[in-house]
K.L.:
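Below you'll find the structure I mean.
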2 protein chains.
Amino acid sequence: MSVDPLRHIPEATVNRLPLYLRALVEAAEGKHPTISSERLAERAGVNAAKVRKDLSFLGSYGTRGVGYDVEGLLFQIRTELGLTQDWPVVIVGVGNLGHALANYRGFGARGFEIVGLVDNDPSKIGEEVAGVEVRPLEELGDVVSGTSPAIGIIATPAAVAQDVADRLVAAGVSSILNFAPTVLSVPSNVSVRKVDLAIELQVLSFYNQRQSETGAAAG
Amino acid sequence: MSVDPLRHIPEATVNRLPLYLRALVEAAEGKHPTISSERLAERAGVNAAKVRKDLSFLGSYGTRGVGYDVEGLLFQIRTELGLTQDWPVVIVGVGNLGHALANYRGFGARGFEIVGLVDNDPSKIGEEVAGVEVRPLEELGDVVSGTSPAIGIIATPAAVAQDVADRLVAAGVSSILNFAPTVLSVPSNVSVRKVDLAIELQVLSFYNQRQSETGAAAG
DNA sequence: AGATGTGAAGCGGTTCACAGCT
DNA sequence: AGCTGTGAACCGCTTCACATCT
């Protein structure tokens with residue numbers, strides 16, 4: 001059924017496809033039906049050569065002398081990213097962060113549907129957040145069973161994150177977004193991405209320090 | 001005053017120093033005063049060769065046949081990352097995410113101090129979040145003036161993020177952590193890192209799709 | 001003329017493998 | 001004997017530069 005057998009798309013390219021997608025969505029609101037690699041690059045914050053190389057991995061969807069057809073390329077990238085279907089998402093941990101994530105407008109709009117909120121704090125069970133009822137951690141399996149492979153979001157303290165990850169994997173979740181500041185070990189067929197506030201701040205601290213050193217007295 | 005003139009530390013290494021820092025903090029709670037690259041690698045989720053190469057950029061702080069002195073290396077990495085001083089942080093945008101960030105325990109604990117919460121919604125001004133009063137966007141300059149170069153966190157909608165970035169830069173902020181789904185342009189002496197939920201989900205969607213394709217019928 | 005698509009060169013980062021130190 | 005520190009090989013990604021097509 002696939003249009004093209006699984007080409008190999010470099011990881012670095014996959015990471016940028018969402019940038020192009022966003023840039024194209026914006027461009028689609030404008031009046032030009034096509035866009036050049038130059039302009040697409042500008043909107044996505046990368047350089048034009050990279051755009052052309054990246055898009056060439058998807059196949060040839062541009063026209064020489066003209067540019068890329070915005071709508072056509074949008075469809076192509078959405079298909080490539082698997083955004084033509086809705087993915088079920090389960091959020092584990094309904095603290096401050098879990099709340100903020102659940103209320104994030106952009107799940108539904110972008111093809112992700114929150115099918116479950118789960119927590120292990122009895123006082124939170126039954127509470128309704130963003131229109132979804134919080135259920136006990138033990139019911140994780142029920143929450144994601146029968147759906148397409150779900151995406152799990154870990155928004156718990158670090159201490160329980162590995163346990164949660166194990167449960168997610170056992171429940172059949174095949175991708176995990178980890179907000180807990182800890183290294184997770186999962187089977188190799190499960191994808192994990194992490195978002196770690198402390199790391200981001202510490203890296204910025206490094207450059208901040210360099211900045212103030214070089215900016216300071218040159219004697 | 002610097003112990004060593006600015007060596008060049010590769011970006012990839014800088015990005016991993018926080019991982020080593022965390023692993024070392026955990027190791028320091030154990031009973032071994034030293035740790036091998038092998039064990040440090042395991043805790044940080046990388047491989048041993050990388051650990052040794054990375055640490056070699058900081059200088060020689062290991063002992064052959066023994067390993068690295070945990071406390072010594074902790075100090076060294078903290079110094080390198082600029083975590084021996086407190087950095088002021090200002091959060092712009094006090095919506096769901098801003099709230100969650102402000103309440104994040106780990107700012108103070110890790111050497112970051114929230115010196116300001118700022119929003120442009122009049123109904124939020126004066127509200128107190130995590131012990132800090134929300135002030136109008138216009139007062140951004142006052143909030144960060146007189147401090148060391150601050151770190152700005154953008155937790156606003158995408159539409160106003162560039163304006164906020166411009167104001168942060170004008171106020172003297174030298175590093176920005178951007179949670180808004182948009183490309184920012186800033187002067188080259190300002191560091192920007194971004195955290196983008198939609199991108200993370202879309203990348204996971206890509207691998208999720210690959211997973212279900214290859215996992216499905218092989219006919 | 002104008003912009004894509006792509007070999008080839010260049011670059012940074014990872015991994016190997018072992019010399020060197022304790 | 002054990003583990004670090006590091007040159008060298010390797011690998012993937014980025015950038016260049018231009019042939020190719022509309």
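Chain naming here is simple, since letters A, B, ... match the order of the sequence lines and numbering starts at 1 in each.
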K.L.:
Please report the distance, rounded to the nearest Å, between CZ in A:Phe57 and P in C:dG7.
P.N.:
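Interatomic distance, CZ of A:Phe57 to P of C:dG7: 11 Å.
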K.L.:
If you measure from CD1 on B:Ile153 to CD1 on B:Ile91, what distance do you get to the nearest 0.5 Å?
P.N.:
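Output value for this atom pair is 4.5 Å.
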K.L.:
If you measure from NE2 on A:His99 to NE2 on B:His99, what distance do you get to the nearest 0.5 Å?
P.N.:
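The NE2 atom of B:His99 is 11.5 Å from NE2 of A:His99, to the nearest 0.5 Å.
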K.L.:
Heavy atoms under 4.0 Å, any strand shown: does A:Thr13 hit a base, just sugar-phosphate, or nothing?
P.N.:
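A:Thr13: no heavy atom of the nucleic acid under 4.0 Å.
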K.L.:
Closer than 4.0 angstrom, basic N to acidic O: yes or no for A:Arg110 and A:Asp86?
P.N.:
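No, this pair does not count.
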K.L.:
Strictly below 4.0 Å, heavy-atom distances to any atom of DNA chain D: list the hits from residues 25-53 of chain A, or just say none.
P.N.:
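Heavy-atom contacts with DNA chain D come from A:Asn47, A:Lys50, A:Arg52, A:Lys53.
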K.L.:
Taking atom CG of B:Leu197 and atom CD of B:Gln202, what is their separation to the nearest 0.5 Å?
P.N.:
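If we round to the nearest 0.5 Å, B:Leu197:CG and B:Gln202:CD are 9.5 Å apart.
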K.L.:
Would you mind reading off the distance between A:Tyr20 atom OH and C:dT4 atom P, rounded to a whole angstrom?
P.N.:
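Answer to the nearest Å: 12 Å.
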K.L.:
CG of A:Asn15 versus C1' of D:dT14: gap in Å, rounded?
P.N.:
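The answer, rounded to whole Å, is 15 Å.
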K.L.:
How long is the span from the CD1 atom in A:Ile154 to the OG1 atom in A:Thr182, to the nearest 0.5 Å?
P.N.:
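The OG1 atom of A:Thr182 is 9.5 Å from CD1 of A:Ile154, to the nearest 0.5 Å.
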K.L.:
Would you mind telling me which of C:dG13, D:dG5, C:dG5 lies closest to the side-chain atoms of B:Ser56?
P.N.:
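Minimum distance to the B:Ser56 side chain belongs to D:dG5.
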K.L.:
In whole Å, what is the span from the CG atom of A:Leu58 to the C1' atom of C:dT6?
P.N.:
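So the two atoms are 15 Å apart, to the nearest Å.
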K.L.:
Can you tell me how far the CG atom of B:Leu81 sits from the CD atom of A:Gln209, to the nearest 0.5 Å?
P.N.:
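If we round to the nearest 0.5 Å, B:Leu81:CG and A:Gln209:CD are 8.0 Å apart.
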K.L.:
Go through B:Leu74 and B:Val25 one step at a time and tell me if the side-chain contact (heavy atoms from CB on, under 4.5 Å) criterion holds.
P.N.:
CA-CA 7 Å; B:Leu74 262 175; B:Val25 167; 3.8 Å; yes
K.L.:
For the atom pair CD (B:Gln162) and CG (B:Asn178), what is the distance rounded to the nearest 0.5 Å?
P.N.:
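If we round to the nearest 0.5 Å, B:Gln162:CD and B:Asn178:CG are 9.0 Å apart.
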K.L.:
Find the distance A:Leu55:CG to C:dT6:P and express it as a whole number of Å.
P.N.:
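One finds 12 Å between P of C:dT6 and CG of A:Leu55, rounded.
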K.L.:
Rounded to whole Å, please give me the gap between OH in A:Tyr61 and C1' in C:dA3.
P.N.:
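For the pair A:Tyr61 OH and C:dA3 C1', the rounded distance is 19 Å.
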K.L.:
Quick check on contacts: within residues 62-73 of chain A, what sits under 4.0 Å from DNA chain D by heavy-atom distance?
P.N.:
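A:Thr63, A:Arg64, in order of number.
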K.L.:
Just the rounded figure in Å: distance from C1' of C:dT15 to CZ of B:Arg16.
P.N.:
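Distance, rounded to whole Å: 12 Å.
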K.L.:
Round to a whole Å and report the spacing from CD of A:Glu11 to P of C:dG13.
P.N.:
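So the CD-P distance, A:Glu11 to C:dG13, works out to 16 Å.
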K.L.:
Can A:Glu80 and B:Arg210 be counted as an ion pair, charged N to O under 4.0 angstrom?
P.N.:
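A salt bridge links A:Glu80 with B:Arg210.
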